[in-house]
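Below, all heavy atoms of this structure are taken into account, side chains as well, without hydrogens, waters or symmetry copies. Quick caveat: nothing in here was measured; it's all calculated off a predicted structure.
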Amino acid sequence: MNDSWATTPASRAVMRGNRGYDTGPEMALRRALHSMGLRYRVNTRPLSEVRRTADVVFTRARVAVFLDGCFWHGCPEHYRPVQGRNSEYWRSKIARNQERDRETDRLLEQAGWTVVRVWEHEDPVENAKRIETLVRRD
């Protein structure tokens, strides 16, 4: 297991199976946005100097959309802390993710962007309508 943090081959396989983009929820949201006639950039840095990528970016409207996974971002409705082995690692990992999310929101808002965060379990069509309102505002 070269350069892997995985403790077993099975856990490495699970970790490798977690996609970074083009996930099912992302694709559903993007299809809904596209069907509304909206065009966007995918998996892009809204601010080139900040190493953070948004899932969907509307550059002209300055709207950055982050579709957060319930486990990885600590959804208040669905997140269940890992028990047993490596539980402390996962607790601090999720806390760091949440802290980074707040920092990202702050940096983008200070630069004049509107940040939209949606959970993976939320209805993609309803989220697309909310995003459309922000993108088309003038």
Side-chain angles (χ1 to χ4, degrees):
M1 285 188 285
N2 298 335
D3 297 352
S4 175
W5 294 21
T7 55
T8 67
S11 64
R12 179 173 183 181
V14 168
M15 288 166 49
R16 290 186 67 180
N18 289 318
R19 299 179 63 99
Y21 58 93
D22 290 346
T23 64
E26 278 183 38
M27 297 302 290
L29 177 62
R30 289 175 10 206
R31 276 191 298 274
L33 291 166
H34 194 271
S35 73
M36 294 173 170
L38 296 174
R39 300 302 178 258
Y40 45 81
R41 294 183 184 268
V42 176
N43 199 36
T44 303
R45 289 183 187 180
L47 301 173
S48 60
E49 66 275 10
V50 180
R51 282 191 63 209
R52 311 283 164 80
T53 58
D55 298 305
V56 178
V57 177
F58 298 90
T59 52
R60 255 188 227 143
R62 297 176 67 88
V63 174
V65 180
F66 296 87
L67 197 147
D68 294 337
C70 291
F71 175 77
W72 299 106
H73 296 269
C75 170
E77 193 173 329
H78 296 110
Y79 175 68
R80 299 294 174 262
V82 173
Q83 301 296 317
R85 189 176 187 178
N86 292 332
S87 61
E88 181 54 33
Y89 167 81
W90 286 109
R91 187 199 61 72
S92 67
K93 166 80 173 147
I94 302 308
R96 284 191 316 271
N97 288 351
Q98 291 172 327
E99 184 178 315
R100 187 183 62 243
D101 292 345
R102 287 188 298 272
E103 180 188 33
T104 300
D105 294 353
R106 182 182 52 78
L107 290 170
L108 286 171
E109 288 166 358
Q110 285 175 348
W113 285 77
T114 299
V115 176
V116 179
R117 289 210 174 257
V118 298
W119 291 108
E120 68 177 332
H121 67 267
E122 293 177 328
D123 183 331
V125 174
E126 290 304 313
N127 281 320
K129 289 176 186 174
R130 181 167 59 113
I131 294 164
E132 179 185 33
T133 300
L134 294 169
V135 170
R136 296 196 192 275
R137 71 178 176 224
D138 282 326

Worksheet item: Under the 4.5 Å side-chain heavy-atom rule for ILVMFWY, direct or indirect, which residues accompany Leu47?
Response: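 Joined to Leu47, directly or through intermediates: Val50, Val57, Phe66, Leu107, Leu108, Trp113, Val115.
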Residues forming a side-chain hydrogen bond (donor to acceptor under 3.5 Å, both in side chains) with [X], sequence neighbours excluded:
X: Glu99; result: none
X: Thr44; result: none
X: Ser92; result: Arg96

Discussion item. Just to verify, what does His78 make a ring pair (Phe, Tyr, Trp, His ring centres under 6.0 Å) with, not counting sequence neighbours?
Written reply: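 So His78 forms a ring pair (Phe, Tyr, Trp, His ring centres under 6.0 Å) with His121.
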Discussion item. Going by side-chain contact (heavy atoms from CB on, under 4.5 Å), name the residues that satisfy it together with Pro81, two or more places apart in sequence or in a different chain.
Written reply: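 Partners of Pro81 by the side-chain contact (heavy atoms from CB on, under 4.5 Å) criterion, ordered by chain and then number, come out as Tyr79, Gln83.
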Worksheet item: Run the side chain to side chain contact (heavy atoms under 4.5 Å, CB included) check on Thr114 and Arg137 step by step: do they pass?
Response: CA-CA 12 Å; Thr114 299; Arg137 71 178 176 224; 2.7 Å; yes
Practice prompt. Check the pair Val116, Phe58 against side chain to side chain contact (heavy atoms under 4.5 Å, CB included), reporting the backbone distance first and the verdict last.
Written response: CA-CA 11 Å; Val116 179; Phe58 298 90; over 6 Å; no
Discussion item. For Val125 versus Met36, what's the shortest heavy-atom pair and its separation?
Written reply: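 Scanning both residues completely, I find the closest heavy atoms to be O-CE, 4.1 Å.
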Item to complete: Indicate the atoms forming the closest heavy-atom contact of Pro124 with Ala32, along with that distance.
Response: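 Shortest heavy-atom contact: O-CB, 4.0 Å.
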Side chain proximity check, [X] to [Y], heavy atoms < 4.5 angstrom:
X: Trp119; Y: Asn127; value: no
X: Thr104; Y: Arg100; value: yes
X: Val118; Y: Arg130; value: yes

With sequence neighbours left out, write down each residue that passes salt bridge (charged side-chain N to carboxylate O under 4.0 Å, His left out) with [X], or none if nothing qualifies.
X: Glu132; value: Arg136
X: Glu88; value: Arg91
X: Lys129; value: Glu126

Worksheet item: When rounded to the nearest 0.5 angstrom, what is the spacing between CD1 in Ile131 and CG in Leu38?
Response: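 Answer for the CD1-CG pair, Ile131 versus Leu38, is 8.5 Å.
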Worksheet item: Roughly how far apart are Lys93 NZ and Trp72 CH2, rounded to 0.5 Å?
Response: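 If I round to the nearest 0.5 Å, the distance is 6.5 Å.
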Discussion item. Test of understanding: clusters of I, L, V, M, F, W, Y form through side-chain heavy atoms closer than 4.5 Å, transitively. Do Met27 and Val65 belong to the same one?
Written reply: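 No; tracing contacts between hydrophobic side chains, which count when under 4.5 Å, never links both residues.
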Worksheet item: With sequence neighbours left out, which residue pairs that include part of residues 107-124 fulfil the salt bridge (Lys or Arg N to Asp or Glu O under 4.0 Å) condition?
Response: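 Non-adjacent pairs meeting salt bridge (Lys or Arg N to Asp or Glu O under 4.0 Å): Asp68-Arg117, Asp101-Arg117, Asp105-Arg117.
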Worksheet item: What salt bridge (Lys or Arg N to Asp or Glu O under 4.0 Å) pairs are there with at least one residue in residues 43-63, not counting sequence neighbours?
Response: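 Every salt bridge (Lys or Arg N to Asp or Glu O under 4.0 Å) pair that includes a residue of residues 43-63, provided the two are not neighbours, is Arg52-Glu103.
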